[in-house]
Chemist: 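So that we are looking at the same thing, I have put the structure below in structure tokens.
Side chains included, hydrogens not; waters and symmetry mates left out as well; all remaining heavy atoms used. In what follows, every chain begins at residue 1, and chains take the letters A, B, ... in the order their sequences are listed.
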Protein chains: 2
Amino acid sequence: MAIEVDYRFPPDVNAEKQAKVIAIGQTVGTWDARFAHREASLTSHLGEVVSVVKQPDNYSIATVRFPLSNVENDVSSLLTMIFGKYSMAGAAKVVALRLPENYGLRPKYGISGIRELLNVRTRPLIMAIFKPALGLSAADHAAILKEVAFAGLDIIKDDEILGNLASAPTLERLKACRKVLDIVKQQTGNTVLYAVNVTGNAAQLLQRARDLVSNGANALLLNVFSYGFSVLEALAVDPEVNVPIFTHPAGAGALSAAPDYGFDYSVSLGTLMTYAGADAVLYPAHYGNLPFDANTEAQIRDILRARNVMPVPSAGIHPGVVSKAVSDYGQDVVLNAGTGIMDHPDGAGSGVKAFFEALECVNKGESLNLDSLPDGALKSAIQKWGVWSHK
Amino acid sequence: MAIEVDYRFPPDVNAEKQAKVIAIGQTVGTWDARFAHREASLTSHLGEVVSVVKQPDNYSIATVRFPLSNVENDVSSLLTMIFGKYSMAGAAKVVALRLPENYGLRPKYGISGIRELLNVRTRPLIMAIFKPALGLSAADHAAILKEVAFAGLDIIKDDEILGNLASAPTLERLKACRKVLDIVKQQTGNTVLYAVNVTGNAAQLLQRARDLVSNGANALLLNVFSYGFSVLEALAVDPEVNVPIFTHPAGAGALSAAPDYGFDYSVSLGTLMTYAGADAVLYPAHYGNLPFDANTEAQIRDILRARNVMPVPSAGIHPGVVSKAVSDYGQDVVLNAGTGIMDHPDGAGSGVKAFFEALECVNKGESLNLDSLPDGALKSAIQKWGVWSHK
């Protein structure tokens, strides 16, 4: 199987012509008699227009097939080929990308591996984000972690904004938090993953990731769009980085939010992540606080799961959306909340408890409505954030 | 000085509100009494809305100031802060970015360093691209290089599409071409730079760059948007990578082509490149074959030069545009042609000669019009490609 890309063009674009421009211009280009002796080689690298189909909205979708021999079995060289120079040629959006199953990487851990690390086999996993995002000390982070970890949290991550800052250097945060993780393990038997945000120039970042892991980091967080898919790929194949990699969507909107340019979110946050070695992928939930389409979210979920990558719908998640999330996702999902845990009226520990109470309600088929809830963490959460309902 | 970012919002967006969302949401977020003991630290990391100004077209430009202490003096952490999660929040475009002069990196070579390497002090530099882009052998590349280098070419680069492929592995291309560069140096005294396309996952790429340089590469080409700014930064500070880095704009359109989303091209191809260590930056010329705005091109030129980075207007450059290019750029510019050199009717060597003849004409104040030209390389080029004229 070759590489197939669907490009969507607005009604005023000559899609047939542009598809040919892509098939030729994004591969070999043209040649003349001087290269007759290389005819076979040149031809073998040419792209090919598979189809151009007019849509009901008068947009056109052109499918172009590219030879596998043009790229390096990775995401970065693929990006240069499928939407490199051509990205500057006018209105066109990459709406789908189909790769051979054995292309690129697969997650080292993914859904099954993360469940195994946590020894939680069936229920949705509950994840928190350290808040406030900046300005806390390493000791502050440890204190927050203690509260949420003893409340039963599965995973915590740095805010994506928090890098290696003077106020709380990454290694210090890890060391302070690692102690808490060890105490929790001793006292409860529970493993909690802490996805540490790994930053720096590519060389520093790769070394920092190894240093973090050798100092006890049991998960990493990477802002893929800020650092590059090539960095994710390098982390994913590094034998010393033997922990799950959580990817954050920061910056994805710059590539994907425009209707007629860039990459569809299902490609940027779905397909590309699954071939670049991500274990768990964060992306906006359509019932959260970012404008996100329900169909796109469902597409991303399915694309991730097809390669055993854990979906992590995020942004505006609180206990009141658990019923909706479970109906959309079933069990193989991470429910990831920042303020939806940290800003619980009774503290972050109650924020975690509220999620578990919500899961219990949903499993029993009970409603999350305020009137029927007993006093406790969940009721306080619903009082603050409400229950998600179809609008 | 802090970091200042100008965000442009369409008329239907509440720009005041969104500017506050950015200043708070892209920094600390909110906090409550529990963090009163950290008030000073938290406050020191908050962003601040400087101004929100309605434009004549009813768009608004909001300027937000961010503390330097939030980021790691690099481009990647800066991207996460200024347009990370917020990039997914709706229509908004980053149209300008102002950084302290000592932020980030500067080019190791840049305009002055590249001129010194080539020992060409005043005229525009002439650069070619190997074509066809894929499917040639290393020996084919060497044969092409011989032709253009003996014709006086200053710089050549791989096509950005050409990575480390089985048909012509990168190191083999370099070795075959390096022999030619040595012969040219011996026989003519001229240095020719060959910007080798460096690819692979971030770890492989950094090692490959070192290997290439230790095998005689005297310049590198990087597809920054495919591999990541963190990779450019790592290359730029690597003591073993002591050659100029040329950056290619492949993929920039996915970030910058949409009118109301992403980053203005002057930011993606201008500002960010100059703080990430690029020595020479390729970008579309407005008189080339990609749709590009003349003002944007002029902005990029000025932003690059302000930090000694060499501007390389590209895509559709041929001898007939030399007059226009010199009037736009003067002498500190690289004129970079692919087919505009390689597809010259009398061969690639004549393509190079045509550029030098065009420069001579322009310097003498002579026109490039067909009627007034003597027979020769330039005349053949103008017959094929015409002369650029204001339309």
Chemist: Select one option (side chain, backbone, both, neither) describing which atoms of Val224(A) are under 4.5 Å from chain B's heavy atoms.
Modeler: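 Neither part; nothing is under 4.5 Å.
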Chemist: Sort out for me which of Ala203(A), Gly251(A), Ser44(A), Ser256(A) touches chain B most, counting heavy-atom pairs under 4.5 Å.
Modeler: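 If we count pairs closer than 4.5 Å to chain B, Gly251(A) comes out on top.
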Chemist: Less than 4.5 Å to any heavy atom of chain B: does that hold for the side chain of Pro284(A), its backbone, both, or neither?
Modeler: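 It is the side chain, since no backbone atom gets that close.
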Chemist: So which residue, Gly228(A), Ser76(A), Gly90(A), ends up with the most heavy-atom pairs under 4.5 Å with chain B?
Modeler: Ser76(A)
Chemist: Is Ile144(A) in contact with chain B via its backbone, its side chain, both, or neither, using a 4.5 Å heavy-atom distance?
Modeler: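 For Ile144(A), the contact with chain B is made by the side chain alone.
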Chemist: Can you find a pair of side-chain heavy atoms, one from Leu136(B) and one from His45(A), that are under 4.5 Å apart?
Modeler: no
Chemist: Does any backbone or side-chain atom of Lys85(B) lie under 4.5 Å from a heavy atom of chain A? Answer side chain, backbone, both or neither.
Modeler: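 Both parts, backbone and side chain.
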Chemist: Contact part of Tyr227(B) toward chain A, heavy-atom cut-off under 4.5 Å: side chain, backbone, both or neither?
Modeler: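 Contact with chain A is through both the backbone and side chain of Tyr227(B).
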Chemist: Against chain B, work out which of Ala276(A), Gly84(A), Gly163(A) has the most heavy-atom pairs shorter than 4.5 Å and name it.
Modeler: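 Highest number of pairs under 4.5 Å: Gly84(A).
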Chemist: Quick check for you: among Gly338(B), Gly262(B), Ala91(B), Ser314(B), which has the greatest number of heavy-atom pairs under 4.5 Å with chain A?
Modeler: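 Greatest number of close heavy-atom pairs with chain A: Gly262(B).
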Chemist: Hey, which of Ala40(B), Pro249(B), Gly29(B), Ala166(B) has the most heavy atom pairs under 4.5 Å with chain A?
Modeler: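 Option with the top pair count is Pro249(B).
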Chemist: Below 4.5 Å from any heavy atom of chain B, which atoms of Thr30(A) appear? Answer side chain, backbone, both or neither.
Modeler: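 When you check distances to chain B, atoms from both the backbone and side chain of Thr30(A) fall under 4.5 Å.
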Chemist: What residue, out of Leu255(A), Asn197(A), Ile82(A), has the most heavy-atom pairs lying under 4.5 Å from chain B?
Modeler: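 Most heavy-atom pairs within the cutoff with chain B belong to Leu255(A).
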Chemist: The test is side-chain contact (heavy atoms from CB on, under 4.5 Å); show your working for Asp343(B) and Arg34(A) and say whether it passes.
Modeler: CA-CA 10 Å; Asp343(B) 289 359; Arg34(A) 288 179 298 149; 3.8 Å; yes
Chemist: Please give me the minimum heavy-atom distance between Gly135(B) and Ser41(A), naming the atom from each residue.
Modeler: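 Looking at all heavy atoms of both residues, the closest pair is O-OG, 2.6 Å.
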Chemist: Chain A heavy atoms under 4.5 Å from Leu206(B): which part of the residue, side chain, backbone, both or neither?
Modeler: side chain
Chemist: Are side-chain N/O atoms of Thr80(B) and Ser226(A) paired as donor and acceptor at under 3.5 Å?
Modeler: yes
Chemist: Checking heavy atoms, do the side chain of Tyr265(A), its backbone, both or neither come under 4.5 Å from chain B?
Modeler: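 Just its side chain gets close to chain B.
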Chemist: Among Asn223(B), Leu162(B), Val237(B), who wins on heavy-atom pairs under 4.5 Å with chain A?
Modeler: Asn223(B)
Chemist: Which one of Trp31(B), Phe83(B), Tyr261(B), Phe292(B) has the most heavy-atom pairs closer than 4.5 Å to chain A?
Modeler: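 So the answer, after comparing Trp31(B), Phe83(B), Tyr261(B), Phe292(B), is Tyr261(B).
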Chemist: Non-hydrogen atoms of chain A under 4.5 Å away: do they reach the side chain of Gln204(B), the backbone, both or neither?
Modeler: neither
Chemist: Would you please name every residue forming a salt bridge (Lys or Arg N to Asp or Glu O under 4.0 Å) with Asp140(B), sequence neighbours left out?
Modeler: Arg38(A)
Chemist: Considering only heavy atoms, which portion of Leu165(B) lies under 4.5 Å from any heavy atom of chain A: side chain, backbone, both, or neither?
Modeler: side chain
Chemist: Given side chains that start at C-beta, do those of Thr27(B) and Ile161(A) come closer than 4.5 Å, heavy atoms only?
Modeler: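 Not touching, per the 4.5 Å side-chain cut-off.
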Chemist: Which one wins on heavy-atom pair count under 4.5 Å against chain A: Ala236(B), Ala92(B), Gly200(B), Ala257(B)?
Modeler: Ala257(B)
Chemist: Report the residues that fulfil side chain to side chain contact (heavy atoms under 4.5 Å, CB included) with Ala337(B), sequence neighbours left out, ordered by chain and then residue number.
Modeler: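 For Ala337(B) the side chain to side chain contact (heavy atoms under 4.5 Å, CB included) partners, ignoring immediate neighbours, are Ile317(B), Ile341(B), Phe355(B).
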Chemist: Checking Ser137(B) against chain A: side chain, backbone, both or neither under 4.5 Å from a heavy atom?
Modeler: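 It is both, since atoms from each part get that close.
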Chemist: Between OG1 of Thr170(A) and CD of Glu72(B), what distance do you get to the nearest 0.5 Å?
Modeler: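 These two atoms lie 6.5 Å from each other.
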Chemist: Looking at Ala202(A) and Ala234(B), what are the two nearest heavy atoms and their distance?
Modeler: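 Between these two residues, the closest heavy atoms are N-CB, 3.8 Å.
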Chemist: Check each atom of Asp74(A) against the heavy atoms of chain B and say whether the ones under 4.5 Å are side chain, backbone, both or neither.
Modeler: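 The side chain, not the backbone.
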Chemist: If you count heavy-atom pairs within less than 4.5 Å of chain A, which of Ala250(B), Ser230(B), Pro259(B), Gly253(B) leads?
Modeler: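 So the answer, after comparing Ala250(B), Ser230(B), Pro259(B), Gly253(B), is Ser230(B).
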Chemist: Working to the nearest 0.5 angstrom, can you tell me the gap between Asn70(A) CG and Ser167(B) OG?
Modeler: 8.0 Å
Chemist: First locate atom CG of Leu42(A), then atom CG of Leu134(B), and finally report the distance between them rounded to the nearest 0.5 Å.
Modeler: 8.5 Å
